[in-house]
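By convention in this document, chain letters (A, B, ...) are assigned in the order of the sequence lines, proteins followed by strands, and residues within each chain are numbered from 1. FYI, side chains are in, hydrogens and waters are out, and symmetry mates aren't considered; it's all heavy atoms of this structure.
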Number of protein chains: 2
Amino acid sequence: MQSKQPTIYDVAKLAQVSPATVSRVLNQPSMVAPDKKARILSAIEILQFVPKADAVAFARQQFKKIGVVAPFFTETSFMERLKGIASVLTGQHYELVIYAVQSIEDLQGYIDMLIGSKRVDGLILLCLSLSDAMVTKLKNSGLPVCFVETDVQGFDSVVIKNIEGGSLVAEFLFANGYRIPGFVGEASRRPYAAHSTEERLGGYASYFASKGISLKMEHVWTGDNVAKASNAGIMKILDRPNRPDCLFASSDTLAIRILKCAVQLGITVPDELGVVGFDDIEMAEFVNLTTVNQSLEESGVLAAETILWRIKEPGKPPKKNTIELTLHQRNSTEIL
Amino acid sequence: MQSKQPTIYDVAKLAQVSPATVSRVLNQPSMVAPDKKARILSAIEILQFVPKADAVAFARQQFKKIGVVAPFFTETSFMERLKGIASVLTGQHYELVIYAVQSIEDLQGYIDMLIGSKRVDGLILLCLSLSDAMVTKLKNSGLPVCFVETDVQGFDSVVIKNIEGGSLVAEFLFANGYRIPGFVGEASRRPYAAHSTEERLGGYASYFASKGISLKMEHVWTGDNVAKASNAGIMKILDRPNRPDCLFASSDTLAIRILKCAVQLGITVPDELGVVGFDDIEMAEFVNLTTVNQSLEESGVLAAETILWRIKEPGKPPKKNTIELTLHQRNSTEIL
DNA sequence: CTGAAAGCGCTAACAC
DNA sequence: GTGTTAGCGCTTTCAG
């Protein structure tokens with residue numbers, strides 16, 4: 001129905017000025033005489049002119065776009081972070097482009113493409129672990145990159161103190177009288193995903209070790225966080241004579257599964273079994289789960305701010321942002 | 001560290017051909033002589049050349065980008081849909097750009113900008129209700145648009161049979177012996193968001209009406225789905241002598257809140273209170289919630305496929321995709 | 001089959 | 001202050 005989008009030339013003609021002047025009122029209005037400015041502005045209004053984003057980007061070699069590449073878990077944690085990222089980017093008039101990686105080839109391909117094709121001004125890599133080759137490529141490209149969850153030498157990052165998180169939980173459980181620790185963790189088989197589970201487990205185990213308590217193999221399960229496998233894993237830990245008296249799960253969703261298994265087995269929480277999760281997702285409140293809060297949304301905000309800062313300050317040394325962890329106590333660990 | 005990204009001219013020079021020919025091997029390889037093609041390909045390899053996406057888009061006036069604008073609920077439902085959208089777009093080498101609307105001005109601004117600035121080839125509008133003026137603008141712009149959840153005259157859409165969903169639940173509850181219905185719904189105050197709650201409520205109420213049962217005002221609460229308000233609303237319905245014997249919630253998260261309140265009040269589910277949710281999010285399984293499954297991911301897939309189809313077939317009449325609903329029965333309604 | 005040349009719409013020197 | 005003129009990097013007629 002519409003004939004054609006107006007260009008800056010149409011505006012120029014209508015306002016009887018040069019295209020350059022139109023461009024100026026768009027970008028440096030103060031450098032244009034008031035009368036002409038008024039004429040141009042009204043011409044813009046009449047024509048309903050909007051600068052074509054791609055042409056601007058192309059001429060200016062700048063894109064106002066940030067790419068977020070992430071293993072596309074349907075997880076709340078991903079969502080919360082994305083929300084944080086979106087809120088700051090939107091405020092700064094940057095576009096947010098999502099690249100969902102579902103395989104190692106995807107990841108490889110995205111990185112290569114993004115480096116070469118000049119699609120984005122910066123990249124946020126969520127929960128991704130890259131091969132050395134790719135890291136080098138990224139580094140050489142000069143593209144601003146911020147890692148979240150992974151900490152890569154020479155790059156900006158937002159990291160979670162996973163080890164401390166593990167020991168924080170262990171300390172808390174120990175203080176509450178629990179003495180037979182168990183662990184359930186989501187150890188993704190995806191080679192490109194970050195591995196925070198191992199770190200949390202490490203911190204957890206070593207705290208108990210410092211108290212002379214060892215985490216028994218048969219009280220640990222790690223694997224894919226899919227219903228069947230994880231439930232089986234949890235059941236195997238709980239449905240035995242020498243079961244642990246507390247269980248730390250690397251995510252809230254897993255912790256909730258534990259809660260459910262406990263009910264099925266007639267094990268009372270927190271008396272017979274203390275349960276602690278990780279993430280503090282909204283659902284944790286519903287089920288009264290004690291969990292570690294890692295300010296997911298804030299980590300998104302930080303990542304976005306960092307990448308924007310990096311774009312402005314290409315020379316500065318890498319900045320490492322650390323997210324503070326807090327234990328949010330609820331009924332799943334309360335001592336009777 | 002890197003000098004400069006190679007251009008098509010560099011490749012042309014190295015391969016001793018014209019830039020046009022390089023462009024051809026990139027786009028219509030069959031039209032180039034094998035020997036030259038080989039030379040060019042190897043030059044591309046040597047130079048690690050990647051076409052600049054923005055330059056291509058600009059020259060070709062086509063962007064390979066789809067915008068998704070949505071009220072950025074941190075909701076699982078949004079996420080699931082996004083996942084569906086992302087998977088098909090990725091497969092077709094389209095970029096996915098997120099526009100998070102947090103206010104009516106945001107929405108207005110995004111629409112105007114997207115229409116004029118030629119940033120995207122198409123738009124998916126999630127759970128958004130637009131003013132007539134904006135609808136007209138969109139229509140005149142000729143930009144391909146697909147609505148999800150809202151059904152707008154003259155546009156493609158993916159819709160959920162909310163009314164049928166409501167009556168489906170009512171029918172089920174009735175068949176299971178429940179006779180005093182109640183309803184808890186998330187009625188967002190955001191004027192730009194779609195209102196599916198009302199439709200679900202409508203279908204629900206009218207089914208009961210057809211059985212001679214009226215839904216009492218004091219057994220209905222609608223409001224923002226935030227912890228405090230909704231819990232208060234639910235409590236008010238349940239903590240009274242004449243409370244309903246079943247409650248239908250417009251979303252699973254609300255339904256879970258109901259479950260929690262019931263526990264607090266010592267009301268047993270499903271004996272004293274049947275509870276049915278909507279969405280069938282992963283958590284529903286954890287808490288044994290009977291709920292309506294609306295294939296969220298599939299609706300995303302459908303939306304993405306539709307917009308891609310529309311881009312190819314600008315002339316075809318609007319297509320309306322309807323998502324089938326199924327009731328997923330779990331323990332929150334089982335009759336003892 | 002291939003090269004020359006003209007854009008795509010805007011920005012940014014460089015003169016006036 | 002403002003117009004002129006070259007690009008930005010790739011695609012796409014149009015000749016040959």
Which pairs, protein N/O on one side and nucleotides 6-10 of chain D N/O on the other, fall under 3.5 Å?
{"unit_1": "dC8(D)", "atom_1": "O3'", "unit_2": "Gln61(A)", "atom_2": "NE2", "d": "3.4"}
{"unit_1": "dG9(D)", "atom_1": "OP1", "unit_2": "Gln61(A)", "atom_2": "NE2", "d": "3.3"}
{"unit_1": "dC10(D)", "atom_1": "OP1", "unit_2": "Lys52(B)", "atom_2": "N", "d": "3.4"}
{"unit_1": "dC10(D)", "atom_1": "OP2", "unit_2": "Ile8(B)", "atom_2": "N", "d": "2.3"}
{"unit_1": "dC10(D)", "atom_1": "N4", "unit_2": "Tyr9(B)", "atom_2": "OH", "d": "2.6"}

Partners meeting side-chain hydrogen bond (donor to acceptor under 3.5 Å, both in side chains) with Glu95(B) (sequence neighbours left out) |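 Testing Glu95(B) for side-chain hydrogen bond (donor to acceptor under 3.5 Å, both in side chains), a comparison that skips the adjacent residues, returns Tyr99(A), Arg119(A).
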Residues which pass side-chain hydrogen bond (donor to acceptor under 3.5 Å, both in side chains) with Ser18(A), listed by chain and number, not counting sequence neighbours |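 By the side-chain hydrogen bond (donor to acceptor under 3.5 Å, both in side chains) rule, Ser18(A) matches Thr21(A).
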Heavy atoms under 4.0 Å, any strand shown: does Val22(A) hit a base, just sugar-phosphate, or nothing?
->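 Since no nucleic acid heavy atom lies under 4.0 Å of Val22(A), the category is nothing.
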Contact class for Ala20(B) (heavy atom, under 4.0 Å): base, sugar-phosphate, or nothing?
->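 Base contact.
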How would you list all residue pairs meeting salt bridge (Lys or Arg N to Asp or Glu O under 4.0 Å) that involve [range], not counting sequence neighbours?
{"range": "residues 19-40 of chain B", "answer": "none"}
{"range": "residues 103-118 of chain A", "answer": "Asp112(A)-Lys137(A)"}
{"range": "residues 9-20 of chain B", "answer": "none"}

Boundaries of the DNA chain C segment in contact with chain B, non-hydrogen, under 4.0 Å |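 That gives a stretch of dC1(C) to dG9(C).
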Can you list the residues that meet the salt bridge (Lys or Arg N to Asp or Glu O under 4.0 Å) rule with Arg310(A), with sequence neighbours excluded?
->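 Once residues adjacent in sequence are excluded, the partners of Arg310(A) under the salt bridge (Lys or Arg N to Asp or Glu O under 4.0 Å) criterion are Asp156(A).
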Would you say Lys36(A) reaches dG3(D)'s phosphate, i.e. side-chain N/O to OP1/OP2 under 4.0 Å?
->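 Indeed, a polar side-chain atom of Lys36(A) lies that close.
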So what is the end-to-end bend of the helix from dC1(C)-dG16(D) to dC16(C)-dG1(D), with 5 pairs used at each end and the value given to 10 degrees?
->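 One end's axis against the other's: 40°.
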Acceptor/donor pairs from residues 43-55 of chain A side chains to any protein atom, 3.5 angstrom cut, sequence neighbours excluded:
{"unit_1": "Lys52(A)", "atom_1": "NZ", "unit_2": "Pro6(A)", "atom_2": "O", "d": "2.6"}
{"unit_1": "Lys52(A)", "atom_1": "NZ", "unit_2": "Val50(A)", "atom_2": "O", "d": "3.1"}

Mind checking side chain to side chain contact (heavy atoms under 4.5 Å, CB included) for Asn321(A) and listing every partner two or more places apart, or none if nothing turns up?
->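 With sequence neighbours excluded, Asn321(A) shows a side chain to side chain contact (heavy atoms under 4.5 Å, CB included) to Val158(A), Leu302(A), Thr306(A), Lys319(A), given in chain and number order.
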Set of ring pair (Phe, Tyr, Trp, His ring centres under 6.0 Å) partners for Tyr94(A), sequence neighbours left out |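 Residues passing ring pair (Phe, Tyr, Trp, His ring centres under 6.0 Å) with Tyr94(A): none at all.
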Around atom CD of Gln28(A), are there more than 12 heavy atoms of other residues, nucleotides or ligands at under 6.0 Å?
->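 More than 12 within 6.0 Å, yes.
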